[in-house]
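Everything on this sheet refers to the single structure shown next.
In this text the structure is predicted, and so the values were computed from the model without any measurement.
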Amino acid sequence: MKHFVPLLVLVASGPLAGCGGSDGAVIGGDDAGAADDGATGRDATSDATSTSDAAPIDGGGDGTSSDSGPCVALASNATDVYVDKRYAGATSTGTAACPFTTILAGISAAASLTGSRTVHVAGAVPTLVYAESAPVAVNTNVTLLGDGPAKTKISASGTCGAGTCAVMVNGGGVVDGFTIVASTGDGIAAALTSPAPIVRNVAASGSMGNGILALGAIVLGPNIVVSNNGGQGVSSTGTGVVHVINGTNVFDSNGANGINLEGGATLQFDGGSAAGNRFNGIRFGATGSLATQTITGLVATGNASGVSAFGGQSIMLRSSSLLTNSNYGLFYSYAIGSVLDLGVANGLGANVFGGATVAKRNTKAGMYLCRSRGPATQVAAGDMFAACAPTQTTLAGCDVAPSAYTDVAYAPAVAGDPVAANPCSIGP
């Protein structure tokens, strides 16, 4: 007697078949220390290798298969919108299974929703480039989340307020996990709104204008690269706090300054490099904040000057290395009431203005003090120079450069040297 084994047909219980979209997996992945919090809901490896949809096996995650089932609409209470330019389905609704193919469509859909919303943008290796037809506007309570600067790139240009940019971030908006470039204008423009826009895990590099234009307060970092832009790396023209959160932050090789504060903003710089810029690593213009500008953990090398401050800014500088600049490590202009804090007895500076190795020194001076106030008026406790006590050279005026290297250049001539460096040590 023959025995028959019944045939079991297993039906997949995953997302709706018919839209080869995302499986909702959380993947990190970015470059140069970018935080792996970029939940994109995409699988870049399977996307890159999935080539056939003639008989798809639909887990809903390859972003390229085109099944016959319907795509459900984005729920009215949805908090997540998905974008993947590789999606080849007939219908895009912004769900993980049926993503939009442009960031502009994802942003538009998010605008119709309420509460905190995240627009997830898929990335891949090689980089997925989203060439958008207009600037991307990131509004309040919206997080634009890419898959890391190495995998996800936005290229756009158009009118942003009075200027031109690729991405406009409004107050309470977040941009996270992209390379952003504008063929014309600025990479990112941050509006003068509250709360401060946030830009993190982003490379704003290669734009014709500024990498980032901050019209007001902004939070930058951690892990932000602003380099090789035609203008400033970061240009601040308004008020509020420009806060650079400690991380792998880079403000290098820009056509003007690494960071330029021309308005009344206050800088809180917690760590990073500003190197190889045409002019200064960090520059404070003549119009300054009444609050103290705070710089900690700055590496400013290979610029014209490491840090330049005009108009009597009050600055506290700590644990920073200002070496190999073609003019000065620090250029500082005093005004009535301004305070330059380079280290005090109960809070040593640990700044490096010079050292024993000639090639590592700034070309003209470790620091230049314009309108110096007299002997022993500038405390520099716990800093490093080429000699201890530091060599100090008086000059006839603030436009006169020293004829040979000196640790401290100052003008006008006063009786006695202005800098009191105790304790002092010799740098590398």
Side-chain angles (χ1 to χ4, degrees), residues 32 149 160-161 163-169 173-176 178-182 185-193 196-285 287-289 293-300 303-309 313 315 320:
C160 298
T164 303
C165 75
V167 174
M168 182 79 181
V169 193
V174 179
V175 178
D176 187 341
F178 293 91
T179 289
I180 296 174
V181 62
D186 305 322
I188 298 173
L192 177 57
T193 51
I198 298 172
V199 179
R200 62 194 180 211
N201 306 314
V202 163
S205 301
S207 291
M208 290 294 292
N210 306 302
I212 297 174
L213 173 64
L215 301 175
I218 188 171
V219 177
L220 298 173
N223 309 320
I224 184 163
V225 177
V226 187
S227 61
N228 296 300
N229 297 288
Q232 319 286 353
V234 176
S235 176
S236 170
T237 60
T239 58
V241 176
V242 176
H243 186 188
V244 179
I245 296 176
N246 191 25
T248 308
N249 303 311
V250 175
F251 305 88
D252 294 356
S253 303
N254 294 288
N257 303 288
I259 298 176
N260 186 55
L261 277 73
E262 196 61 52
T266 302
L267 178 65
Q268 181 181 339
F269 187 97
D270 297 341
S273 72
N277 296 288
R278 182 180 179 187
F279 298 132
N280 304 279
I282 297 178
R283 176 185 178 274
F284 300 96
T287 301
S289 169
Q293 314 282 2
T294 304
I295 301 174
T296 304
L298 168 67
V299 177
N303 309 285
S305 290
V307 175
S308 290
Q313 308 276 338
I315 296 177
S320 294

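The shortest non-hydrogen separation linking Ser207 to Gly185 is CB-O, 3.8 Å. When all heavy atoms of Ala182 and Cys165 are compared, the closest pair comes out as CB-C, 4.4 Å. Heavy-atom minimum distance, Ser320 versus Gly297: OG-N, 3.5 Å. For the residue pair Pro197 and Ala191, the shortest heavy atom distance occurs at CG-O, 4.0 Å. Pairing each heavy atom of Leu192 with each of Gly216, the nearest pair is CD1-CA, 3.5 Å. The shortest heavy-atom contact between Pro222 and Gly247 is CB-CA, 4.1 Å.
Looking only at distances, a side-chain donor or acceptor of Asn249 sits under 3.5 Å from a matching main-chain atom of Asn223. Using a distance-only test at 3.5 Å, with no hydrogens or angles considered, no donor-acceptor pair links the side chain of Ser236 to the main chain of Leu261. Judged by distance alone, the side chain of Asn280 and the main-chain N or O of Gly306 form no donor-acceptor pair under 3.5 Å.
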Please report, to 0.1 Å, the donor-acceptor pairs under 3.5 Å made by any side chain of residues 237-246, with sequence neighbours excluded.
| residue | atom | partner | partner atom | Å |
| --- | --- | --- | --- | --- |
| His243 | NE2 | Gln268 | NE2 | 3.3 |
| His243 | NE2 | Asp270 | OD2 | 2.7 |

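Partner of Leu267 under the side-chain contact (heavy atoms from CB on, under 4.5 Å) criterion, out of Ile315, Thr294, Ile295: Ile295 alone.
Asn277 and Asn257 form no side-chain donor-acceptor contact under 3.5 Å, judged by distance and modelled atom types alone. For the residue pair Asn229/Asn210, the side-chain donor-acceptor check at 3.5 Å is not satisfied.
Residues Ile180 and Val175 are in side-chain contact: their nearest non-hydrogen atoms beyond the backbone lie under 4.5 Å apart. For the pair Ile224/Phe251, a side-chain contact is recorded, criterion being any heavy-atom separation below 4.5 Å from C-beta on. For the pair Met208/Thr164, no side-chain contact is recorded, criterion being any heavy-atom separation below 4.5 Å from C-beta on. In this structure, the side chains of Gln232 and Ile259 stay at 4.5 Å or more apart for every pair of heavy atoms. Side-chain atoms of Asn228 and Ser253, non-hydrogen and from C-beta on, do get closer than 4.5 Å to each other.
In this structure, the separation between OG on Ser273 and CG on Leu298 is 8.0 Å, given to the nearest 0.5 Å. Atom CD1 of residue Ile282 and atom OG of residue Ser305 lie 12.5 Å apart, to the nearest 0.5 angstrom. Residue Cys160 holds its SG atom at 10.0 Å from CG of Leu215, rounded to the nearest 0.5 Å. Annotation: the span from Ser308 atom OG to Phe279 atom CZ amounts to 11.0 Å, rounded to 0.5 Å.
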- request: Take Ile212 and Val234 through the side chain to side chain contact (heavy atoms under 4.5 Å, CB included) test and state the conclusion after the steps.
  value: CA-CA 5 Å; Ile212 297 174; Val234 176; 4.3 Å; yes
